[in-house]
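Everything on this sheet refers to the single structure shown next.
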Amino acid sequence: MDILGISCYYHDAAASLIRDGQLIAAAEEERFSRKKHDFDFPKNAINYCLEAGGITGMDLDYVVFFEKPFRKLDRILATVLQTYPQSWKVFRESMITWVVDKLWVASTLEAELGVTREKVLFSDHHLSHAASAYLCSPFDDAAILTVDGVGEWVTATYGTGKGSDIRLLKQMDFPHSVGLLYSAFTAFLGFEVNEGEYKVMGMAPYGVPRYTDKVWKVVRQNQDGSFALDMDYFSFHHSTDKTYNNRFAALFGDPRPVSLHFFTAGTGFPSYFGAKPGNYNELCKLNQHYADIAASIQKVTEELLVGMAKNLQKMTGQTKLCIAGGVGLNSVANTRILNECGFDEVFVQPAAGDGGGSLGAALWAYNTLLGKPRVFRMENAYWGRHYNAGEIRSFLDGSNIPYQVYENEDRLLNRVVDHLKGGHVIGWYQGRFEWGPRALGNRSIIADPGNPNMKDIFIPTIKFRERCRPFAPAILAERAQDYFELENPTRHYPARYMLYVVPVKEDKKQKLPAITHVDGTGRLQTVFRDQSPRYYSLIDRFGQATGTPVILNTSFNLKGEPIVTTPANAFNTFSKSEMDALVLDNFIVEKSAL
Ligand SMILES: [Fe+2]
């Protein structure tokens, strides 16, 4: 039985194909369309999934959309009526999208895929989130927490999963939303909403959470973990372009200018920003203020999530927890939930945001709706398209790019390790691209994490980005506890997907300067031999050569672009930045030979 799940028209459009309950392929549309967070109908992702399954749309047994469009329309109409006339603009813009796209979802699916109406099903937004985590987790019985910006009406749920069943026990509704609260601060701190949330999380450790009292003025949490925003401070419910209002700005001061470079007295002034400004001290103070605000909203968000998870644990008595929704990508909060809420184990799948809703919708239909037993557990994130040796060679030959082919893996790995030891930066591209926003060793840029200059090499010439986001370490799973404060690392699924942030061991910090964040933590990825054998061998070999089985891994993309998909994307990114070599499966392109 083939079921296609689809999410689109809101944040990240994606498609997932399952066959008899087993995941065949899953991908976000942005990887193909090259439009970051593309939310349009995911035509390319669907085509890829069908191709991977060797079928056409007409062969599908069901197509499942990840939410209920009519219920969402209901929320928008109700919000508009409550906040009219300020909401007129949001109403008009929403209606245009609704009439054009969303209300016609079923017809679009029928037309695009050639399926009949009775094969089209609709899940609920948060049910899709819940299913996207629980149904592919290793647990038979677990609590489920979903938290995001907003679905149809719902912004967070408590639930449980048992066998193939999912029950949502409690919900929190729009406009009270942890995701939208965090996004309001993301905008205030000068970052793009739905994109810059990671930067806020990265900036937080540079600050001190001295403004939590003020943040608690705009949100409060109840005894049962539920929460309420004070809507007098926000405008996202009646505006399409402003998330907070003047009262919010009066509480926290002027918003951070988008053009302000981020540095503090602690970081010093990085040379890649050019000449040191005359008002350096004043700018340091200003940035410190914003870092303190970032630390405060991060702290309050963690408290909200910990409060929710504790209540959920009490309510259900469960020892396992599945988390989904965009807020599930907050790796710092996930670690606190693991440590403080009474759960032994936590599961988050790599596409915890709306893209993952397509997977959840498909699994929900197969397991929960049709009552079929669960057969799939998500052990890795490699569900995207693979470009084979013929495709890579034909791209390289067609573009007259000189390369070497390494049929012998040992020789290839030795060559890459030599580069890494020499302080070089490598584009590492292999196999199927990753599901979700993280690069996990198939579309990664890699380097030596022991090189203290690596941050300064990376930021201006490779990633062209702000200093505040840390680089991540990839480590052999069974060696992780030697370097990080994480016991039994192999049993923690979120660590496979860089969804925990844990302290680097005191005696290892000096060995890992390029991946140790300012607060002494690292967002590690545990790498398993059976899931990613070649990447594992590379890290292992690097460990043998240097004594440290850890590699610096960052996503293979230029600032503002989606992670690379094709060999051509990879080469393009490689040639525009200061990487020294590009590995495309068995092919190596050396910058010095170009
Ligand atoms: Fe969502």
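Throughout, residue positions are numbered sequentially from 1 according to the sequence presented. Order of appearance sets the numbers: ligands from 1, and atoms from 1 within every ligand.
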query = Can you tell me the N, O or S atom of Asp354 that's nearest the Fe ion (ligand 1)?
reply = OD1
query = Is it true that the side chains of Ser128 and Glu67 contain a donor and an acceptor less than 3.5 Å apart?
reply = no
Check: Tyr10 ring centre within less than 6.0 Å of Phe39 ring centre = no
inquiry  = With carbon and hydrogen excluded and only N/O/S kept, which atom of His129 is nearest the Fe ion (ligand 1)?
reply    = NE2
query = Closer than 2.8 Å to the Fe ion (ligand 1), do we get an N, O or S atom from His126, backbone or side chain?
reply = no
inquiry  = Quiz question: by atom type and distance under 3.5 Å, do the side chains of Arg438 and Ser331 form a donor-acceptor pair?
reply    = yes
query = Which atom, counting only N, O or S, brings Asp148 closest to the Fe ion (ligand 1)?
reply = OD2
task = Decide if the gap between the ring center of Phe248 and the ring center of Phe252 is smaller than 6.0 angstrom.
result = yes
